[in-house]
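Just below is one structure, and these are the notes that go with it.
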2 protein chains.
Amino acid sequence: MMAERNSDRSGRHDRDSVTTTALRLLDDVGLPDLSMRRLATELGIQPSALYWHFDSKQQLLGAIAERILSRIPLEEHDEIATDADVLSAARSIRDALLAYRDGAEVVLSSYALGFGVDRTQARLRSVLQRRASIGADVAATTLLQFVIGHALLVQQRLHAESLGATHLVGDDTTGDVSSVFDDGVMLFLHGIDAAAKRPEDHSEV
Amino acid sequence: MMAERNSDRSGRHDRDSVTTTALRLLDDVGLPDLSMRRLATELGIQPSALYWHFDSKQQLLGAIAERILSRIPLEEHDEIATDADVLSAARSIRDALLAYRDGAEVVLSSYALGFGVDRTQARLRSVLQRRASIGADVAATTLLQFVIGHALLVQQRLHAESLGATHLVGDDTTGDVSSVFDDGVMLFLHGIDAAAKRPEDHSEV
DNA sequence: ACCTGAACACCGTTCAAGT
DNA sequence: ACCTGAACACCGTTCAAGT
């Protein structure tokens, strides 16, 4: 019922236009239904044609992941980072992951292969650099793992809700999702400050 | 080259024995190669026979997820929770997720459907209950999201390493994985304590 | 209670060949 | 430079039928 070959005016495609259509298709149907064959149909070409543009589906997903993460602004200002700065950095990463359906899962699946890692890592590290005395990269890594875990669980819940099963998970007892996120980030920040005040008391347990 | 029907001595299977074989197969070949057809071959039966035991592959994965999470000890002692108690609670969840190949991903995929949620949630909440004045469930949710994100990224990296691409990710600049985990948990704990001392100063930004 | 056999509607990927 | 056509080796799932 949809029009075929709708991404471009010309009959032929390149890496970028294919990625654009793939990203839209992902948002429409979700990751489990994003198949090479379905994407090819959407583009009005044969499935095999996709392998001229990409070596594999995994590589296509990597290109999608980079598009998703490109929403993260790299630097706003470089004065001393306030609580609000760190919070907005964390939010910008979360927002990028949540902007497209199953975005967090796509990014996760490509993350270890190196797609768009620099951007996310750099964003957090730079804002934490002039804040944490304990070690900006430990703090950045921890915060990033929290953000990714958060986004994955949020989208996982959306996935379940769209399957009819309503709120089987128990943790919606705690207010709305985004304020829990903010609280989580602030927990981190206070932890960093506390670690700066009394350092080296948490190495062994 | 492997022996067929190796999970049980009797010729027929039940839900539990199928789950056991599936869990072992998961650990051997990983989630992408854990197919219903391959599992059936491993059990020495036809693929269709699996649908007598489970309604769908998703339901089978749910059973696997519950097995994985059953490694989490529920309660050790109920005195006042020290730093070490919280840390060991977080570790026990992480260890369960990391105990089997792709365990974190399996748990994530079943999490929103309610498999084994109570166990993980309860473990953290109970230990944080008599610690955080700010709200044990916010703290538990945040910590849980961190633990899941951590485990997913660790296994994602293992996945990438087994594909030959060695250390493309940048965050191994920070020591070994498990000490970064511990540091992350401690960051949380200090944040909780700090929030208890100066409450209500982080609501709006 | 547990399983077979056959079928349906799909996958990702390769490769020679076309324009 | 970009695509077709045909094939290969797979998927999850259903369903009548067997024991």
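Just so it is clear, the model here is predicted, and its values are computed rather than measured. Values reported hereafter were calculated over all heavy atoms of this structure, with side chains retained and with hydrogens, waters and symmetry mates removed.
Nucleotide D:dG5 forms a pair with C:dC15, judged by Watson-Crick or G-U wobble geometry with both contacts under 3.5 Å.
Closest to the side chain of B:Ile45, from the set C:dT4, D:dC3, C:dT14, is C:dT4. Comparing C:dC3, C:dC11, D:dA1 by their nearest atom to the side chain of A:Trp52 picks out D:dA1.
Nucleotides D:dC15 and C:dC3 have their C1' atoms positioned 13 Å apart, rounded to a whole Å. Between C:dA9 and D:dA9, the two P atoms lie 23 Å apart (nearest whole Å).
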### Message
Apply side chain to side chain donor-acceptor pair (under 3.5 Å) to residues B:Ser178 and B:Arg94 and explain how you reach the verdict.
### Response
CA-CA 10 Å; B:Ser178 86; B:Arg94 176 205 57 179; 4.9 Å; no
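Listed pair B:His13 / C:dC3 meets the phosphate criterion, a side-chain N or O lying under 4.0 Å from OP1 or OP2. Dashed line: the shortest gap from a side-chain N or O of B:His53 to OP1 or OP2 of C:dC3 is under 4.0 Å.
A heavy-atom distance below 4.5 Å is not found between the side chains of A:Gln145 and B:Leu152. The side-chain heavy atoms of A:Tyr100 and A:Arg71, taken from C-beta on, include a pair separated by under 4.5 Å.
Remark: the B:Ser48 side chain and the C:dG5 base include a donor-acceptor N/O pair separated by less than 3.5 Å.
The 5' end of DNA chain C is approached more closely, in terms of each residue's nearest nucleotide, by B:Gln46 than by the other of B:Gln46 and A:Pro47.
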